[in-house]
**Q** 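What follows is a structure written as structure tokens; I'll ask about it next.
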Amino acid sequence: MHYTAMIIVVLIAVASVAGLVVRAMSEQDARQSATADAAFASRVAASQIAAHLLLLQQTVGMVAANPQSAGLLSSPAGACTLPFAGAGPFSIGHLDIIKSDGTVRCSSKAFSPGPVYGAASWLPTAITRSVTVAPFLDPATGRMSAVVATPMAGGGGTVAAIMDLAQVGSNLGSALAGARQLEFLVTTDNGKTVLTRSLNASYWAGRSLAGTAFEASSPSMERSDVDGTMRLYATSPVGSTPWLVYAGADAAAALAAADLSSNRDLAIIVGGAAIMLVVIFVVYRRVVEPIRQLSLVIRSSTLSGAVGTVDAMGASEVTGLAEDFSKLMATVKHELVERLNSEQEAVVSERNYRTLFEGHPQPMWLYDTETLAFLEVNDSASDRYGYTREEFMTMTIRDLQRPQDVPKFLELQAMPMPALDRTGPWRHLLRDGSEIQVLTTSHAVIFGDHRARFVLAEDLTDSRRLELELVESHARAEHDAELGRAKDEMVAVVSHELRTPLASIVGFAELLATREVTPAQRKEYLAVMLQEGRRLTALVNDFLDLRRFEGARPSMRFTPADIKALITRAVDLFSEPGGVAITMSLPDELPLVRVDGDAMFRVIANLLSNAHKYSPLGGAIRVSARVVDGMVEVSVQDKGLGIPAEALPQLFGKFFRVESPDRGSIGGTGLGLAICKNIVETHGGKIGVRSDGPGKGSTFYFTLPVVREEAQSGDVLIVEDDSGFAHLVEAELQTRGLSSIWAADAETAGHLLTGARAVVLDLLLPGLSGEAFLHHLRATRGAGIPVVVVTLKDLGAAENLSLQKAGVTAVLRKGAGTAAAAATLITQCLASELVAI
Amino acid sequence: MSLRTPTELELQRTVLIADDESSIRLLVHATIESDDYTVVEASDGAQAWALAKELKPSLVLLDVQMPGQSGLEVLRSIKADPGLKATRVILLTSKAQERDIEVGLIAGADFYLTKPFSPLDLLTRVEEALEL
């Protein structure tokens, strides 16, 4: 706005200055123009006067020279007339032939008789040549006149043209005054006497200038006229006469014209300025202001504020531009706002997730699946594990593993992991060296450009464990209730099962006691009583076993075992001479399985017993083993009675027995398979049966988990079939800082030698004997491994000697304190690496 | 082994023993062995019902817990059959099955004996039932 005002001020100033200059210049121009006009007019007037004077002189001279004129001098006055029409400005006057006495003899007008011009200076007596005399008061007319006179030849008279001067002034004025209303002033006598004047001519003809304003003003170009009016004068002499013609332009009129002109110019300038102002204003309003606003809007358009709009009052181009800009701004702003919003949302969302992550009460972290390095940990992880976040960032998840778990851990990491994985419990090391148990839930994520896993660790060692325990105790309570119901049912069933043989025994005993019976009857009755008594015993035993394997799981002791040795021993038990042929199909190499040897032997024996029992017509029994899906599967196949399809689902239930005429005489408690199922499931395996139906034989099979590689080594190998004693030795070794691995038979022990630095050996073992194992040990591992023998056997001298030869460190007889003694001996041997008996 | 031809009355005097346990059947049979009636054995419920319909026994000694058709089902069938109106039933049960006893008595059993039972006691009950 301010520079619009400035422009206006400057324009006004420029207009003012221009006005002054124009005015000055225009005045000067007006003077010059008026003066020039006056000069021209004066010259024209002077030349007309001169020319017509000459014409008058010639006219007069011709009349004078005419011989007739002389004759007229003598003729009566008024006897003739002269034709005369004047000349130019000298339009009024008369031509006279005048006698030397001053009487008019002939004239162009009627004249008065008498010597009218008797005193005239130009009479023929006074002149000898043509003269021009002015001013001359014509007695005939009473008017100031100019006289052109020429003496006639012979001197008798004079021819004179007497012209009215006032008329000359009037004629000049009307002919030459022009638009400027020039004043003509013809003077003589060095400008002292007026001959004629275009204005007020009758008054001024012949009058003296003395005392006039004209005379008083300096004879410069601009001077006052006789009336006091300032005029711009130019002067021209008239021919050979002393006359001067003044032509004077009215200065005021000239200047007024100049003023008019300059005002017009000013008006043009001011008008131009005004037009310019209007143009400027319009341009400003319609172009500059919108553009300025646009610029302001652009400058003030912030991303946070609203998009400014530009008033749609400018030129269409500017308006269009403004609209375009507004649209652009709106678009840009919309885009930006969208982006800001989405970024803000992202920020908020990220903050929320971060809060969730950081504040989560359970330890969480992200790690790179390739480098295993921590990428992010939450506060809870720092609190629980004792490492600061910065320390975590320098660690890998491997650092949380106990050294002994690292191989297994790495193995697991190397395997493809499911997208969502829940594993555990794991033992994790804290910074202070203590351990916690955690369940980990992890899922694959992309973190930045890392392939990562997001891990949530559920701490089982504190509150979570309590919670789990609570849940477990609920489950246990329910389980207990279930067990209670099952128990009631069991009691009913067992009571029935027990009462049946009891009824026979008691009944026959009473018959025998109260009746006379024949010897044959007695024998028959007693046989039934015996059979039923045995049945009762088997039932009680099975029932107790079932209770043992069902309710007292901790009594099982799991240890690596060579399943082939177990199978072989069980098969040996059933391969009675003349009995059913049992064939074994066992691969040379089978991984060790994790079993309770006694329990597993019972399972195999039970299946073999069933196969035998339900093959009344004989038929081969085949025992085989193989590895299926990382488990060892053992199967017992017979070609006996087979099992009807409808019985298959109940076969492993308690007291279930298949009823069919062909098995009527086959005894059984209905508990064997239930016991087997319990044992196998306690081992983490599954038991099942396949049969194509009655008469088609059946195949019972079960699976067992394989012992992990790392669970197959320890400092000391304990070869002992008595699990109680083996456990004692283990405990004693552990208090001495030694780990141990227990084998329940020599066959299994043969597989566990790798890594063992010492052996505690029982001699009385199922299958392969302790002595045989000792020889195998020395053959494969040399004499370097200390062996302490513990046995119940009373060893003879020969046996002792044999053991000494085999490099046994000591032979201890089993009894109280034997386990501790064996452990001490082993510790000493390992400490000194001394081998001696 | 009787050599005379059984009379019509004698033909009706049949006692059916139904028990899945052969030792119990033997004990019951030995206990009630008599010239006054014929003893027939069945080893399961279905067999027992088939024999009962065919022989129309005067008395059935019925084990409650048998595979297949249970003793109670056989009892109901007998009681529902108009041709067996005269047939008496004694249930043989394990003591724990008190509910079965109750159900059996309601269903029309004449008496029950709990295993292990006294053979002399059983004989007395059989004779009472046969009104000997």
Side-chain angles (χ1 to χ4, degrees), chain A residues 487-518 520-536 539 644 646-647 650 655-670, chain B residues 1 17-34 41-48 50 61-72 90-104 112-126:
Chain A
K487 210 160 142 188
D488 289 348
E489 199 184 324
M490 266 298 281
V491 168
V493 172
V494 168
S495 125
H496 173 78
E497 294 293 324
L498 294 178
R499 276 166 198 278
T500 302
L502 265 178
S504 293
I505 294 164
V506 173
F508 281 114
E510 194 174 326
L511 281 184
L512 287 172
T514 57
R515 277 190 189 175
E516 290 299 321
V517 293
T518 64
Q521 278 178 320
R522 175 189 305 270
K523 196 178 177 185
E524 190 188 7
Y525 295 172
L526 283 173
V528 173
M529 287 169 75
L530 184 60
Q531 180 203 314
E532 291 302 296
R534 280 184 179 148
R535 183 177 159 198
L536 196 57
L539 263 174
E646 65 271 16
Q650 308 168 67
F655 298 111
F656 178 82
R657 295 201 65 203
V658 176
E659 300 292 337
S660 66
D662 52 5
R663 32 189 115 209
S665 60
I666 301 170
T669 61
Chain B
M1 184 66 71
I17 303 169
D19 200 312
D20 59 324
E21 290 289 339
S22 60
S23 64
I24 299 294
R25 290 197 303 270
L26 180 62
L27 174 65
V28 172
H29 201 148
T31 303
I32 66 170
E33 182 86 80
S34 165
E41 291 180 24
S43 62
D44 60 43
Q47 203 180 0
L61 296 168
L62 194 56
D63 181 19
V64 170
Q65 198 167 51
M66 283 189 295
Q69 208 172 351
S70 79
L72 289 177
I90 294 176
L91 292 176
L92 301 176
T93 72
S94 303
K95 196 182 180 180
Q97 296 160 304
E98 280 167 359
R99 182 162 165 70
D100 287 349
I101 292 164
E102 199 182 316
V103 169
Y112 73 90
L113 284 168
T114 307
K115 293 176 187 174
F117 51 85
S118 158
L120 300 181
D121 200 10
L122 170 67
L123 186 59
T124 308
R125 296 299 168 198
V126 168

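Labels below follow one simple rule: chain letters A, B, ... track the order of the sequence lines, proteins then strands, and each chain is numbered from 1.
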**Q** Taking atom CD of A:E532 and atom CD1 of B:I24, what is their separation to the nearest 0.5 Å?
**A**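 Nearest 0.5 Å value for the CD-CD1 distance: 7.0 Å.
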**Q** Just verifying a value: how many Å separate A:L502 CG and B:K115 NZ, rounded to the nearest 0.5 Å?
**A**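 Reported value, rounded in 0.5 Å steps: 11.5 Å.
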**Q** Report which part of B:L123 has an atom under 4.5 Å of a heavy atom belonging to chain A: side chain, backbone, both, or neither.
**A**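 Interface part for B:L123: side chain.
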**Q** Got B:L27 and A:V528 here, is their nearest side-chain heavy-atom distance under 4.5 Å?
**A**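 Answer no - side chains too far apart.
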**Q** Relative to chain B, which of A:V506, A:I505, A:T514 shows the most heavy atom pairs under 4.5 Å?
**A**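 Going by pairs under 4.5 Å, I would pick A:T514.
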**Q** Identify the two heavy atoms, one from A:S504 and one from B:S23, that lie closest to each other, and give their separation to 0.1 Å.
**A**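 Looking at all heavy atoms of both residues, the closest pair is OG-OG, 2.7 Å.
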**Q** Taking every heavy-atom pair that is under 4.5 Å apart, which of B:D20, B:D19, B:T31, B:D63 has the most such pairs with chain A?
**A**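 Greatest number of close heavy-atom pairs with chain A: B:T31.
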**Q** Measuring heavy-atom distances to chain B, does A:T500 have an atom under 4.5 Å in its side chain, in its backbone, in both, or in neither?
**A**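 Contact with chain B: backbone and side chain both.
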**Q** Could you tell me which portion of B:L122 (side chain, backbone, both or neither) has an atom closer than 4.5 angstrom to a non-hydrogen atom of chain A?
**A**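 Nothing of B:L122, per the 4.5 Å heavy-atom cut-off to chain A.
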**Q** Less than 4.5 Å apart, any side-chain heavy atom of B:L26 and any of A:E524?
**A**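 In short, these two side chains touch, coming nearer than 4.5 Å.
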**Q** Decide if atom CZ of A:R515 counts as having more than 12 heavy atoms of other residues, nucleotides or ligands within a radius under 6.0 Å.
**A**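 More than 12 heavy atoms, drawn from other residues, nucleotides or ligands, come within 6.0 Å of this atom.
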**Q** Nearest 0.5 Å please: distance from the OG1 atom of B:T93 over to the CZ atom of A:R499.
**A**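 Answer rounded to 0.5 Å: 8.5 Å.
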**Q** Taking the basic N atoms (NZ, or NE/NH1/NH2) and the acidic carboxylate oxygens, is any pair closer than 4.0 Å for A:R535 and B:E21?
**A**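 Salt bridge present between A:R535 and B:E21.
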**Q** Heavy-atom count around A:Y525 OH within 6.0 Å, excluding the residue itself: above 12?
**A**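 Enclosed: over 12 neighbouring heavy atoms sit under 6.0 Å from OH of A:Y525.
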